[in-house]
Amino acid sequence: MSIDGKYAVPTVAVHTDIFYPVTQSVVRMNGMPRMRQAYVPQPIMGKTPQQLRAYIDGPDMKTGRPFMQEVIEGLTRPLDSQDLRDSSFDRSTPRFLEVDTEENLQAMFEENNWTDFLPIVLPTEERVEAMLKNTSHARDEIIGRMRPTNFREYWAYDVEKVAVNAVMAGARPEYFPAILAMAASGVSARGSTTSSAAAMCVVNGPIRHELQMNSGTGAMGPYNHANATIGRAWGLLSTNLQGGSTPGLTYLGSQGNNYAYTSITFAENEERSPWEPFHVQHGFKPDQSTVSLFGGARATSFTLGLRENYWEKHVLNLVRGFDPHTELVFVLDPITARQFVDRGSFDTKEKLIEWVHRNATMEAAEYWDYQLIQNYIYPRATYGEEPFASRLAVPSEEMLPMFLEDEIHVTVVGGETNGYWRIFAAGYRGTFNVDEWR
Amino acid sequence: MAAGDRIRVHNPMGFPPKVTHKPLAPRLNTLDGKTVYLVDCRFDDSDIFLKQMQAWFSENMPGVKTVFKPINSVYTKDDPATWEEIKENGDAAVVGVGH
């Protein structure tokens, strides 16, 4: 769109057909509804040159006309009156919905994809007012912008809109500062990525106890009101404040992700951890309350404890199972955290992180051949971005670290019923102060 | 509230931005003698696809000069240097393969 609209060079954009609704929506919302687009079959990835040539020789997947005819006419057919018509329009969001029965309103929320298809609490004025009493911020203060992916437009929201979604999630009013911190971060828990990523939130500081959050037995499961509804609120507010999370339109995760229901939200077990809390690692004081947000949560691996003789190999086996484009979050039961101290002399999280960085390696040729490395790292390397650019000079048979140190994270949670521990593939988005939202 | 009571609730949606019209560039009369940039967005083997398109032009429209041009970095980043190059040296562009 930039080349055509901003640089005035006639352009055709080629997409695969599965993305037809998305691409039509994106050009409309960017004020270019008549942008020339042509469609080939999905997928491109993994096809031979001959198969892709057949796409080019074949029909456009939406019009049925020859694909290359669509391309050539897209560059040469004169603009018509519809192309020249002003496509500007304004949109507004009424503060309230039309008065109706509870049954009809519940149905309306589902029909509009405003829920996660579990029952919601209807955001009545009374309930929203109760939520708003738990912050000093004005209800009409615009506190953030959010969008499901880079190519969509940002939507904005105020404190009251966040309260509405917090009510819907079933959150208690006292949870509101934590939910506001999540919302104000601008980090969406409902990215539209085809990779079906979910989100994760680690809560630190005194707020864990104030809200009676669970950092012990069952902390990551459906066993605590605050853990469950704070995470759910992040998901619902992301859906609605960014302008939707609708499959095929604003959500494209091919398989979807069950983690998205509550966005893997838990409190770190600071009291039983041998290390400093996660938020302190990131520059906060122990007595500050924070939410640390992660996106791209897709995969998990696990094992039990650290065996005396082969623990290093066992850990690295888990790590090797992940795509090197992701980041890693070690989620350790306190039993295993102490085993890492005992077995590896990792008396800080940073020492464990450095060890994983140094020892989790793969051949350079294998590293560069990963599809996600090709999509997201190789272009940055050829652009000269370090440390990736230097890696291009590494001989193909030499070993490369799979993960940078700042792509490896460690947190402690669990009730010590056993030493099971997990690694999540998830990317750190930042740690945000809850106290500012009280 | 009793079943059947009519109640008023808040709208949960955020505030969308105004959509502002952006005009399309004037189209070309012909591609003959023109330079068409085939812009590789470097996603999921789009380079292989666009090189096949380059071959198609060579075989079917030899009067069209094509330039295979990968963007400088990842598709999530704007690339004004490439857009400026196309504006300076090209007449048209095909960008692929988006998703």
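Worth saying up front: this structure is predicted, and the values here are computed from it rather than measured. Chain letters run A, B, ... following the sequence lines, proteins first and then strands; every chain starts at 1.
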Give, as side chain, backbone, both or neither, the part of [X] having an atom under 4.5 angstrom from any heavy atom of chain B.
{"X": "A/Asp4", "result": "both"}
{"X": "A/Gln371", "result": "side chain"}
{"X": "A/Met168", "result": "side chain"}
{"X": "A/Arg85", "result": "backbone"}
{"X": "A/Asp158", "result": "both"}
{"X": "A/Ile3", "result": "side chain"}
{"X": "A/Val167", "result": "neither"}
{"X": "A/Leu97", "result": "both"}

Return the option, out of [options], with the maximum number of heavy-atom pairs under 4.5 Å with chain B.
{"options": "A/Gly243, A/Pro94, A/Ala163", "result": "A/Pro94"}
{"options": "A/Leu52, A/Leu241, A/Val99", "result": "A/Val99"}
{"options": "A/Leu79, A/Asn150, A/Leu75", "result": "A/Leu75"}

Atom [atom1] of [X] with >12 non-hydrogen neighbours under 6.0 angstrom:
{"X": "A/Arg380", "atom1": "CZ", "answer": "yes"}
{"X": "A/Tyr383", "atom1": "OH", "answer": "no"}
{"X": "A/Glu98", "atom1": "CD", "answer": "no"}

Among [options], which residue forms the greatest number of heavy-atom pairs with chain A at distances under 4.5 Å?
{"options": "B/Ala93, B/Gly90, B/Pro80, B/Gly96", "answer": "B/Ala93"}
{"options": "B/Lys51, B/Met53, B/Met61, B/Lys77", "answer": "B/Met53"}
{"options": "B/Pro23, B/Ser73, B/Pro12", "answer": "B/Pro12"}

Interchain contact, [X] with chain A, by part (heavy-atom threshold 4.5 Å):
{"X": "B/Glu59", "value": "side chain"}
{"X": "B/Pro17", "value": "both"}
{"X": "B/Pro70", "value": "neither"}
{"X": "B/Tyr37", "value": "neither"}
{"X": "B/Thr82", "value": "neither"}
{"X": "B/Asp91", "value": "backbone"}

Look at the side chain of [X] and the backbone N and O of [Y], then say whether any donor-acceptor pair between them is shorter than 3.5 Å.
{"X": "B/Asp45", "Y": "A/Lys47", "value": "no"}
{"X": "A/Lys161", "Y": "B/Asn11", "value": "yes"}
{"X": "A/Thr11", "Y": "B/Val94", "value": "no"}
{"X": "B/Lys18", "Y": "A/Asp90", "value": "no"}
{"X": "B/His21", "Y": "A/Ser87", "value": "yes"}
{"X": "B/Lys22", "Y": "A/Asn30", "value": "yes"}

What is the distance from atom [atom1] of [X] to atom [atom2] of [Y], rounded to the nearest 0.5 Å?
{"X": "A/Arg77", "Y": "B/Leu28", "atom1": "CZ", "atom2": "CG", "result": "13.5 Å"}
{"X": "A/Met68", "Y": "B/Trp56", "atom1": "CE", "atom2": "CH2", "result": "4.5 Å"}
{"X": "A/Asn375", "Y": "B/Asp44", "atom1": "CG", "atom2": "CG", "result": "4.5 Å"}
{"X": "B/Arg27", "Y": "A/Asp80", "atom1": "CZ", "atom2": "CG", "result": "11.0 Å"}
{"X": "B/Leu31", "Y": "A/Glu73", "atom1": "CG", "atom2": "CD", "result": "11.0 Å"}
{"X": "B/Ile48", "Y": "A/Gln51", "atom1": "CD1", "atom2": "CD", "result": "10.5 Å"}

Scanning both residues in full, the closest heavy-atom pair of A/Met35 with B/Leu24 reads CA-CD2, 3.9 Å
Name the orientation class of the two ring planes belonging to A/Tyr55 and B/Phe49 (parallel below 30°, tilted from 30 to 60°, perpendicular beyond 60°).
tilted
(Q) Could you walk me through whether A/Phe151 and B/Tyr75 satisfy the side chain to side chain contact (heavy atoms under 4.5 Å, CB included) test, starting with their C-alpha distance in whole Å, then the side-chain angles of each, then the deciding distance to 0.1 Å, before giving a yes or no? (A) CA-CA 10 Å; A/Phe151 300 108; B/Tyr75 69 92; 3.6 Å; yes
Between A/Trp155 and B/Met13, does a side chain to side chain contact (heavy atoms under 4.5 Å, CB included) hold up when you go through it step by step? CA-CA 9 Å; A/Trp155 286 41; B/Met13 296 293 282; 3.9 Å; yes
* To do: Take B/Val9 and A/Glu102, measure what side chain to side chain contact (heavy atoms under 4.5 Å, CB included) needs, and give me the verdict at the end.
  => CA-CA 9 Å; B/Val9 303; A/Glu102 180 175 6; over 6 Å; no
Does the side chain to side chain contact (heavy atoms under 4.5 Å, CB included) test come out yes or no for B/His10 and A/Arg95, once each step is laid out? CA-CA 6 Å; B/His10 283 267; A/Arg95 189 173 172 216; 3.9 Å; yes
